[in-house]
Number of protein chains: 2
Amino acid sequence: METNNQDLLIALADDQQLFLRSLATLIDGFDGKKVIMEALNGKDLLSQLEITLLLPHIILIDVNMPIMNGEETALLLSKKYPDIKLVALSMKDDDRTIIKMIKAGCCSYLLKDIHPNELDKALTEINNNGYYNSDTINKNLRRLLCHDEAELKLSANEQLFLHHACSDMTYKEIASKMCLSEKTIDGYREAIFVKLNVKSRVGMALEAVRLQLISL
Amino acid sequence: METNNQDLLIALADDQQLFLRSLATLIDGFDGKKVIMEALNGKDLLSQLEITLLLPHIILIDVNMPIMNGEETALLLSKKYPDIKLVALSMKDDDRTIIKMIKAGCCSYLLKDIHPNELDKALTEINNNGYYNSDTINKNLRRLLCHDEAELKLSANEQLFLHHACSDMTYKEIASKMCLSEKTIDGYREAIFVKLNVKSRVGMALEAVRLQLISL
DNA sequence: TTATAATCAGGTGTTTTTACGTGACTGTAT
DNA sequence: ATACAGTCACGTAAAAACACCTGATTATAA
């Protein structure tokens, strides 16, 4: 692999192989930009970074990956390689995800349906200024950061309960599976009803899916 | 745009612009293959086809698109342009979606996480043989086509009920909203429980989301 | 130390959901 | 005409879900 001293070096992490390889091809076509690393998940990316002699300047990280997702990956990377600029890449532009990735150390959040020209521009700006935010994301950012404290916090047990609750199991069965009293389970239920602002188990389950607290 | 007489001409439809353009770049790099059309949705694709003088040999269609989704698009295309080979492109490999797209006229179903080499091979084979199916899809195909008749059929009222059931409303409220007896509603519930093979309203709601009978 | 919050657990009673059986009324295909 | 599938409706009883209350324990902060 030939690289120029002047090149802006990029690493990619995305579980969709076709997109990953395509994007690499596209970026290699950009002026002065070179993809030096392609990973299929966060773990893959980290192990590649450990053995490489040539670190990238910018890493594009898909938010939804198996094995190690975007948030975990970004958190680890921002600690271990604070000089590398991290960019979140996602299909969705929901508030919570954006906040999550920014807090995890990303200096930008790009949607997968942007135009290649904007990506090119974004990479250049991130290299020059250290950040880039698309208009659509930007206009919400202040509001997002203000509401940051209103974020949803579930305890470990509440999260586990929520997962079990998104099934055909009864609360009794869940209590038994979690080795807790039915009444404790009932407490979790009430707490989550309030936090998610719902009035029934169905509402809770669907809201959990919407907020991506659980995946289908 | 320069094309060679020998080139295999490809059209693409995908709502994620970055993927669309990247994929085009990738495919253009394949030997003897040329992307001559890129559309962001089914409607866009159809209107481009109507005004073009140069029809593609193969069209890659994303299953999930806004405005006009993959299934509708494939159905229309296979009627209007029976000579063009249609290929479904999707992130998910769930049975129902595959069946849907094959029935809509696609001669192949490819996952977005395949390796570029396999895509290249697939395109060549589709041009030569008229079809291509990846191993993972292929091994299920016979089973899928057998179970085809077991497809899910909900009456209009059952569908409406299902939508209402995916909310915080009680069955009583749903009955009132649908101007039906609670007992009738109860009948819908039982029928859908059997059809979706679930044992509770939560299971029903989540399964409905999984099967994309309802959207969030 | 006291206060504060988080977690776990129990009690009581109501409402909702679920299971199962029955029958009437359509339309329509044989 | 008969048989069949689909829709709507009612009844009963048990199980599950929900609301609102209390108190014990533990950890952490003021």
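FYI, side chains are in, hydrogens and waters are out, and symmetry mates aren't considered; it's all heavy atoms of this structure.
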- Task: Using chain B heavy atoms and a threshold of under 4.0 Å, write down where along DNA chain C the contacts begin and end, 5' to 3'.
- Result: C:dT16 to C:dC20

- Can A:E190 and A:K195 be counted as an ion pair, charged N to O under 4.0 angstrom? no

- Message: Heavy atoms within less than 4.0 Å of DNA chain D: which residues of residues 175-182 of chain B have one? Give them sorted by number.
- Response: B:L180, B:S181

Please tabulate, for the side chains in residues 81-90 of chain B, all donor-acceptor contacts under 3.5 angstrom to protein atoms that are two or more places apart in sequence or on a different chain.
| residue | atom | partner | partner atom | Å |
| --- | --- | --- | --- | --- |
| B:S90 | OG | B:K92 | N | 3.0 |
| B:S90 | OG | B:K92 | O | 3.2 |
| B:S90 | OG | B:Y109 | OH | 3.2 |

- Query: Which heavy atom of B:I126 sits nearest a heavy atom of B:S108, and at what distance?
  - Reply: CD1-CB, 3.8 Å

- Flag, side chain of A:D62 to backbone of A:M65, donor-acceptor distance under 3.5 Å: no

- Query: Can a salt bridge be assigned to the pair B:D14 and B:K112 using a cut-off of 4.0 Å between side-chain N and carboxylate O?
  - Reply: yes

- Message: Tell me whether B:E118 is salt-bridged to B:K121, with the criterion being a basic N under 4.0 Å from an acidic carboxylate O.
- Response: no

- Query: Are any side-chain N or O atoms of A:Q48 and backbone N or O atoms of A:E38, one a donor and one an acceptor, separated by less than 3.5 Å?
  - Reply: yes

- Query: Which parts of nucleotides 12-19 of chain D does protein reach within less than 4.0 Å, heavy atoms only, written one letter per nucleotide 5' to 3' as B for base, S for sugar-phosphate only and - for none?
  - Reply: B---SSBB

- By ring-ring contact (aromatic ring centres under 6.0 Å, His included), A:Y188 pairs with (sequence neighbours left out) none

- Pairwise distance CG(A:L12) to CD1(A:I59) - rounded to 0.5 angstrom: 9.5 Å

- Check: A:D113 side chain, B:Q17 main-chain N or O, donor-acceptor pair, under 3.5 Å: no

- Any donor-acceptor pair under 3.5 Å linking the side chain of A:T52 with the backbone of A:L49? no

- Message: Between A:D186 and A:R189 (salt bridge meaning N to carboxylate O under 4.0 Å), is one present in this structure?
- Response: yes

- Over its full length, what angle do the end axes of the helix from C:dT1-D:dA30 to C:dT30-D:dA1 make, each axis taken from five pairs and the result rounded to 10 degrees? 30°

